[in-house]
> 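Please find one structure pasted underneath; my questions will follow.
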Amino acid sequence: MRLLTDRLAARLSRGRRGRYAGVVVLMLGLLVTGGAYAVLSPAQASDEAADQSTVDQGRALFLVGCASCHGKNGEGVTLQNGNQYGPPLAGVGAAAVDFQVGTGRMPMARPGVQAPKKDVLYSEEEISALAAYVASLGPGPAIPESDAYDPLAIPEEDREEAIVRGGEFFRTNCTACHNFAASGGALPGGKYAPSLRGVSDKHIYEAMLTGPQQMPVFSDEVLKSEEKRDIIAYLNSIEDAPRYGGGNMGAFGPVSEGLFAWLVGIGACVGFAVWIASSSTRSKKGTQS
Amino acid sequence: MSHDEIARRDGDHAEEPIVNPGMHEHQPRPTDIDDVAGRRAERQVATFFGLSSVMAILFCVAYFTFDIGDEPDLFLGYGASNIFLGLTLGLALLFIGIGAIQWARKLMSDVEISEARHPSRSSDEDRDIALSALNQGIADSAIGRRPLIRNSLLGALGALGLPAIVALRDLGPLPGTALEQTVWRKGMRVVNDVSGTPIKAEQMEIGQLVNAEPGIFFAVDEEGEPVVEGVELQQEKAKAAVILVKMRPEDITPYPNRENWGVEGVLCYSKICTHVGCPISLWEQQTHHLLCPCHQSTFDLADNGKVIFGPAARALPQLPLMVDDEGYLVAQSDFPEPVGPSYWERG
């Protein structure tokens, strides 16, 4: 396969195409292959009943990757000083596993105040097996169906209204930590609320449902499933919105804007001032005249 | 030191501690002695001024070309109209500035001059004229000889202060007890902000946070009109907003008189920071700390809302909770203490 693309790329890049044509063709090839795989691959098993073999597979994975912190039966590990090394997992539900492992936060690479988002280590199949095992430890929120979180499931004519309503919920419940533009913010002791840009609809929904780490829980009984979907619709709408007011510099407010004004704005003014005040070139030729 | 002494000292250079080195020798610029260089500089300046005119015209073109509003034209993901209006107008001004400075540096006359500073004191002659005019005025008005006029004038000017003071009353009326009370009453439901749905204690999970409001904000009268609306709603909302949090009951350490203020680990606190009144809902569910984003005041909600960090001086007021007949969370009473920042009368 690689040989074939190489040869194709070589032939294309010879002659009239530019020297990047090979790279472009390679990327196209990869995209087509990946896309075709995503379309044709068997649907994931999230909606299947968690049969015993999946749970067993999940338990096997759990013992290797998770048990050192969460205990062999997910009962959690408490240190001698009373601090929790890894919390107990009975009752956290499949949704928590799908969020934590699906965004790469778990397994943690090292202990710390907060598990950062990383590359995902498990395949879709392995994550659903892990989720099935943890869900078998105690009742907890399940992985949501796509209708629950996908704003496209809202009827077309109601979507604008949903976005407005979602904005109200977002500003009331989320902006205190995640900032008005959903770009995240700092918490004490090195913790932080992550940016919500580029996070998948499902993971946002699961985070609200399960309250990972310091984030509070927003259970379905109080913040209804449709209301969560409205929030996601609003988040998608501000992500897609044109930056009409210009570059937002990460939408972090006065810190990034102030840095820009001081370094670039005042820096340019200082540059001009230096130019104005510098002495102009002088000629030695004319001194005698 | 009199005027004459200063003048004498200025005239006598020999007494200065550091000898005035005088002007350095004048060196001409290339544009002064070389016509070609001069003409080149002239063309440079004219080019900048010309570019400025072009930018001004492009500004007008951009103004009429790019659509704004609901479906704006985009340039690199930004609003094209904003980008090009700003760029063209900014460059038009910048090019005039650059041209003018280049003109001054290369072509305007280039001679060194020195200008002596003048004393800031007026001449004796001017001072005498001013003083005699003032004395003449005092004598003509006879203000010194007629104290009745003088005193009544001073009285009239003083009385003019009264209208200004009386008008301050319009800043009132005084708030009375409004700062001490909110709309919370015994039996009023705690409802979800925005949606207005009432909440049961068992619907909440450990670690849950709910931004809530008193139920009366969502109540309607028999004609379907809101009971509280408009300015009154905003004013009451500013005081009555609360947050509900649920913690493990064993983590909560209530004061002895607050032991029945929660329902199954659900506690209700004012959402208004006691420092300067920012709304706070930044709750870390694992540490039970509530942080104010404005000045980083931190309250421990598991420990009666005690201040553990930051400038806030008072603990966060807690709203006592109970459950009504249908199982929904309701208030036991209004807040037992005023919510929000401290004020004078509270001491």
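In what follows, chains are A, B, ... by sequence order, proteins preceding strands, each numbered from 1.
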> Would the number of heavy atoms belonging to other residues, nucleotides or ligands and lying under 6.0 Å from CD of A:Glu160 be above 12?
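Not buried by this count: 12 neighbours or fewer within 6.0 Å.
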> Checking B:Ile68 against chain A: side chain, backbone, both or neither under 4.5 Å from a heavy atom?
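Both backbone and side chain of B:Ile68 come within 4.5 Å of chain A.
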> Give a yes or no on whether B:Glu71 atom CD has more than 12 heavy-atom contacts from other residues, nucleotides or ligands under 6.0 Å away.
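Counting other residues, nucleotides and ligands, CD of B:Glu71 stays at 12 neighbours or fewer.
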> Evaluate whether atom NZ of B:Lys306 has more than 12 neighbouring non-hydrogen atoms of other residues, nucleotides or ligands under 6.0 angstrom away.
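No, NZ of B:Lys306 has 12 or fewer neighbouring heavy atoms, counting only those of other groups under 6.0 Å.
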> Non-hydrogen atoms of chain A under 4.5 Å away: do they reach the side chain of B:Ile83, the backbone, both or neither?
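For B:Ile83, neither part sits under 4.5 Å from chain A.
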> Examine the side chains of A:Ser219 and B:Gln208 and answer whether a donor and an acceptor come within less than 3.5 Å of each other.
yes
> Would a distance-only check, ignoring hydrogens and angles, find a side-chain to backbone donor-acceptor pair under 3.5 Å from A:Gln214 to B:Gln286?
yes
> What are the two closest heavy atoms between B:Glu284 and A:Leu187, and how far apart are they?
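Reported closest heavy-atom pair: OE2-CB, 3.7 Å.
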> Write down the atom of B:Gln27, the atom of A:Arg282, and the distance for their closest heavy-atom approach.
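Closest pair (atom of B:Gln27, atom of A:Arg282, distance): O-NH1, 2.8 Å.
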> Which residues in residues 226-235 of chain A have any heavy atom lying under 4.5 Å from a heavy atom of chain B?
A:Glu227
> Output yes when a side-chain donor or acceptor of B:Gln285 lies under 3.5 Å from a complementary backbone atom of A:Met215, and no otherwise.
yes
> Using heavy-atom distances under 4.5 Å, tell me whether B:Thr298 contacts chain A through its side chain, its backbone, both, or neither.
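Looking at B:Thr298, nothing touches chain A.
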> Measure distances from B:Leu94 to the heavy atoms of chain A and classify the residue's part below 4.5 Å as side chain, backbone, both or neither.
side chain
> For B:Asn192, is it the side chain, the backbone, both or neither that has a heavy atom under 4.5 Å from a heavy atom of chain A?
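For B:Asn192, the contact with chain A is made by the side chain alone.
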> Measuring from atom CG of A:Asn248 to atom OH of B:Tyr78, what distance do you get when rounded to the nearest 0.5 angstrom?
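Separation between the atoms: 7.0 Å.
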> Would you mind checking which part of A:Pro188 comes under 4.5 Å of any heavy atom in chain B, side chain (CB onward), backbone (N, CA, C, O), both or neither?
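Its backbone and side chain both get close to chain B.
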> Please find the pair of heavy atoms, one from B:Leu209 and one from A:Phe218, that lie closest to each other, and give the distance.
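Shortest heavy-atom contact: O-CE2, 3.4 Å.
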> Could you verify whether a donor N or O on one side chain and an acceptor N or O on the other, from A:Arg165 and B:Ser195, lie under 3.5 Å apart?
no
> Sort by residue number and list every member of residues 169-176 of chain A having a non-hydrogen atom under 4.5 Å from chain B.
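Those residues of residues 169-176 of chain A which have a heavy atom under 4.5 Å from chain B are A:Phe169, A:Thr172, A:Asn173, A:Ala176.
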> Is any side-chain heavy atom of A:Ser278 less than 4.5 Å from a side-chain heavy atom of B:Arg105?
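The answer is yes; the side chains approach within 4.5 Å.
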> Can you name the closest pair of heavy atoms from A:Trp275 and B:Gln102 and give their distance?
CZ2-OE1, 3.5 Å
> Please classify the contact between B:Lys200 and chain A as side chain, backbone, both or neither, with a heavy-atom cut-off of under 4.5 Å.
neither
> Which heavy-atom pair separates B:Thr197 from A:Val222 by the least distance, and what is that distance?
OG1-O, 4.3 Å
> Under 4.5 Å from any heavy atom of chain A, what part of B:Ile206 do you find: side chain, backbone, both or neither?
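For B:Ile206, the backbone is the part near chain A, not the side chain.
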> Walk me through it: do B:Ile98 and A:Phe272 pass the test side chain to side chain contact (heavy atoms under 4.5 Å, CB included)?
CA-CA 9 Å; B:Ile98 293 177; A:Phe272 275 109; 4.1 Å; yes
> In terms of heavy-atom proximity below 4.5 Å to chain A, should B:Asp110 be classed as side chain, backbone, both, or neither?
side chain
> Within the supplied structure, the quantity of interest is the number of heavy atoms (other residues, nucleotides, ligands) at a distance under 6.0 Å from A:Arg197 CZ; does it exceed 12?
yes
